> 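Please read through the structure below; I'll follow up with questions.
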Amino acid sequence: MQPKFGTLEWSKKNNGALTPTERLHFLCNMAFLAAREASDAVREKLGFLKPVDLDFSDFAPPDTLMAKDAEVFARETHTQDLLSHGYRTYYFGAILASYGRLKYDKELYFAAAVLHDIGLTDSRAVPLKACCFAVSGGRQVHDFLVCKGHAPEKAQIVGNAISAHLNLHLPVREYGEVAALVAKGAVCDLFGFGKRRVSANFKKHLLRAYPAGNMHDALLSKEQMAPGSRLDFGRKLTGGLPERLWIQDIR
């Protein structure tokens, strides 16, 4: 059985470089997100889409040892803007889970969300050009959690979610809830996919707590990434992040 595209097991063959078939898979994921967003826009205009109207405080991070270990590790390694992106990824994914009535392990999800971009920090285990940053980050967080005494099977779920999040879209039935939500939260924060499903009040409070900052610098937009990786391929297709992110216009 072939390992799932984007996972830690998958990455062992080539450190995250895409095959022609995987490039097509990646393109299909991009097309799916664009089509779903277009559908949401139509449903919103017709009055059929009702955003989740829950309080920002309803989604406080879990008070568990793993969550605390992950949070401390993130604060020690991330710039403030990258850390804020990790928190926004967590909150956007969590409220989108409420929209879809999706149940998930909050501890594992928080750990994966807040650390999903650790491969872009100065603490990264390998150079950016040597390996897909999501792959190296997933491996790094997996090893960190195991060294902290957390169950290897839980560390594997977190590591896989981090490694796979650059697929952009991760079906729950294939990748599990944790990985699916990390991807949902990240693409919502950076590109606005799913934003219509979140109330204006929630978005306002989230950005007040975790401001957008300079995400181009935080995500190392000017740095060259591993050749043939998902981020490298995506940048060549789209030019990278929009010049101005949608979250910068939230007041």
Side-chain angles (χ1 to χ4, degrees), residues 4 6-9 52 54-121 123-125 133-166 170 172-189 194 198 202 205-211:
K4 294 184 180 68
T7 60
L8 292 177
E9 185 65 27
V52 181
L54 294 172
D55 291 335
F56 175 68
S57 59
D58 292 336
F59 299 94
D63 184 16
T64 67
L65 182 58
M66 180 186 286
K68 290 177 181 177
D69 284 342
E71 189 166 36
V72 169
F73 193 31
R75 291 184 178 276
E76 290 175 346
T77 55
H78 290 49
T79 63
Q80 185 56 54
D81 287 345
L82 190 62
L83 181 65
S84 292
H85 167 59
Y87 280 111
R88 292 194 307 271
T89 293
Y90 165 73
Y91 280 102
F92 275 131
I95 198 165
L96 288 171
S98 293
Y99 180 90
R101 298 180 181 179
L102 183 65
K103 295 182 179 179
Y104 59 97
D105 187 307
K106 294 180 180 179
E107 175 184 64
L108 300 184
Y109 172 54
F110 176 77
V114 79
L115 289 170
H116 78 274
D117 280 336
I118 197 167
L120 296 176
T121 69
S123 73
R124 56 182 172 268
F133 85 86
V135 166
S136 65
R139 294 170 180 169
Q140 184 178 357
V141 173
H142 169 273
D143 293 347
F144 166 77
L145 293 175
V146 171
C147 286
K148 281 289 186 178
H150 298 289
E153 58 270 23
K154 291 187 175 183
Q156 187 74 16
I157 292 172
V158 174
N160 275 331
I162 292 171
S163 180
H165 88 271
L166 278 186
L170 298 169
V172 173
R173 65 183 181 277
E174 295 180 36
Y175 290 86
E177 296 84 0
V178 172
L181 291 178
V182 174
K184 282 180 183 292
V187 298
C188 182
D189 188 51
V198 182
F202 184 92
H205 283 94
L206 177 57
L207 268 296
R208 186 177 297 166
Y210 302 103

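Excluded from the calculations below are hydrogen atoms, water molecules and symmetry mates; all remaining heavy atoms, backbone and side chain alike, are included. Please read these numbers as outputs of a predicted model, since none were measured by experiment.
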> Kindly state whether the ring of His85 and the ring of His116 have centres lying under 6.0 angstrom apart.
yes
> Do you know the tightest heavy-atom contact between Ala134 and Ile162?
CB-O, 3.5 Å
> Test side-chain contact (heavy atoms from CB on, under 4.5 Å) on Met66 and Leu145 and set out the steps.
CA-CA 8 Å; Met66 180 186 286; Leu145 293 175; 4.0 Å; yes
> Would you call Tyr91 and Asp189 a side-chain contact if the rule is heavy atoms closer than 4.5 Å?
no
> How long is the span from the CD atom in Glu9 to the CD atom in Gln156, to the nearest 0.5 Å?
8.0 Å
> Out of curiosity, His150 NE2 to His142 NE2, how far, rounded to the nearest 0.5 Å?
12.5 Å
> side-chain contact (heavy atoms from CB on, under 4.5 Å) for Thr121 and Leu82? Distances and angles first, verdict last.
CA-CA 9 Å; Thr121 69; Leu82 190 62; 3.7 Å; yes
> Tyr99: what forms a ring-ring contact (aromatic ring centres under 6.0 Å, His included) with it, not counting sequence neighbours?
none
> Would you say the side-chain atoms of Ser163 pair up with the backbone N or O of Gly6, donor to acceptor, closer than 3.5 Å?
yes
> To the nearest 0.5 Å, tell me how far Lys184 NZ sits from Leu170 CG.
9.5 Å
> Answer with yes or no whether the side chains of Tyr210 and Gln80 bring together a donor and an acceptor at under 3.5 Å.
no
> So which heavy atom on Ala94 is nearest to which on Tyr109, and how close?
N-OH, 3.6 Å
> Less than 4.5 Å apart, side chain to side chain, heavy atoms only: is that true for Tyr175 and His165?
no
> Only counting residues at least two apart or in another chain, list the ones meeting salt bridge (Lys or Arg N to Asp or Glu O under 4.0 Å) with Lys106.
none
> Are the side chain of Arg101 and the backbone N or O of Ser98 linked by a donor-acceptor pair below 3.5 Å?
no
> Output yes when a side-chain donor or acceptor of Arg88 lies under 3.5 Å from a complementary backbone atom of Pro211, and no otherwise.
yes
> Closest heavy-atom contact between Val146 and Pro152?
CG2-CA, 4.2 Å
> Which residues pass the salt bridge (Lys or Arg N to Asp or Glu O under 4.0 Å) test with Arg208, not counting sequence neighbours?
none
> Roughly how far, to the nearest 0.5 Å, is NE2 of His205 from OG of Ser57?
9.0 Å
> Report yes if some heavy atom in the side chain of Val158 is under 4.5 Å from a heavy atom in the side chain of Val178; otherwise report no.
no
> Can you list everything that forms a salt bridge (Lys or Arg N to Asp or Glu O under 4.0 Å) with Lys148? Sequence neighbours excluded, please.
none
> For a quick test of reading the model, state the closest non-hydrogen atom pair linking Thr89 to Ala113 and the distance between them.
CG2-CB, 4.2 Å
> Within this structure, what is the OH-CG distance for the pair Tyr87 and Leu206, rounded to the nearest 0.5 Å?
12.5 Å
> Going by the rule ring-ring contact (aromatic ring centres under 6.0 Å, His included), which residues pair with Phe110 if we only count those two or more places apart in sequence or in a different chain?
Tyr90
> Between Lys154 and Asp105, is there a salt bridge with N-O shorter than 4.0 Å?
no
> Would you please test Val114 and Leu83 for side-chain contact (heavy atoms from CB on, under 4.5 Å) and show each step?
CA-CA 7 Å; Val114 79; Leu83 181 65; 4.2 Å; yes
> Asn160 side chain to Thr7 main-chain N or O, any donor-acceptor pair under 3.5 Å?
no
> Could I get the full list of side-chain contact (heavy atoms from CB on, under 4.5 Å) partners for Asp143, not counting sequence neighbours?
none
> Would you check if the side chain of His78 reaches a backbone N or O of Ala74 as a donor-acceptor pair within less than 3.5 Å?
yes
> Can you see which heavy atom on Ala161 is nearest to which on Ala112, and at what distance?
CB-CB, 4.0 Å
> Out of curiosity, Phe202 CZ to Leu54 CG, how far, rounded to the nearest 0.5 Å?
8.0 Å
> For side-chain contact (heavy atoms from CB on, under 4.5 Å), just list the numbers for Asp63 and Lys68, CA-CA rounded to whole Å, side-chain angles, deciding distance to a tenth of an Å, and then say yes or no.
CA-CA 7 Å; Asp63 184 16; Lys68 290 177 181 177; 2.7 Å; yes
> Heavy-atom distance under 4.5 Å between the side chains of Val172 and Leu102, does that happen here?
yes
> Of all heavy-atom pairs between Phe144 and Asp69, which one has the smallest distance, and what is that distance?
CZ-O, 3.7 Å
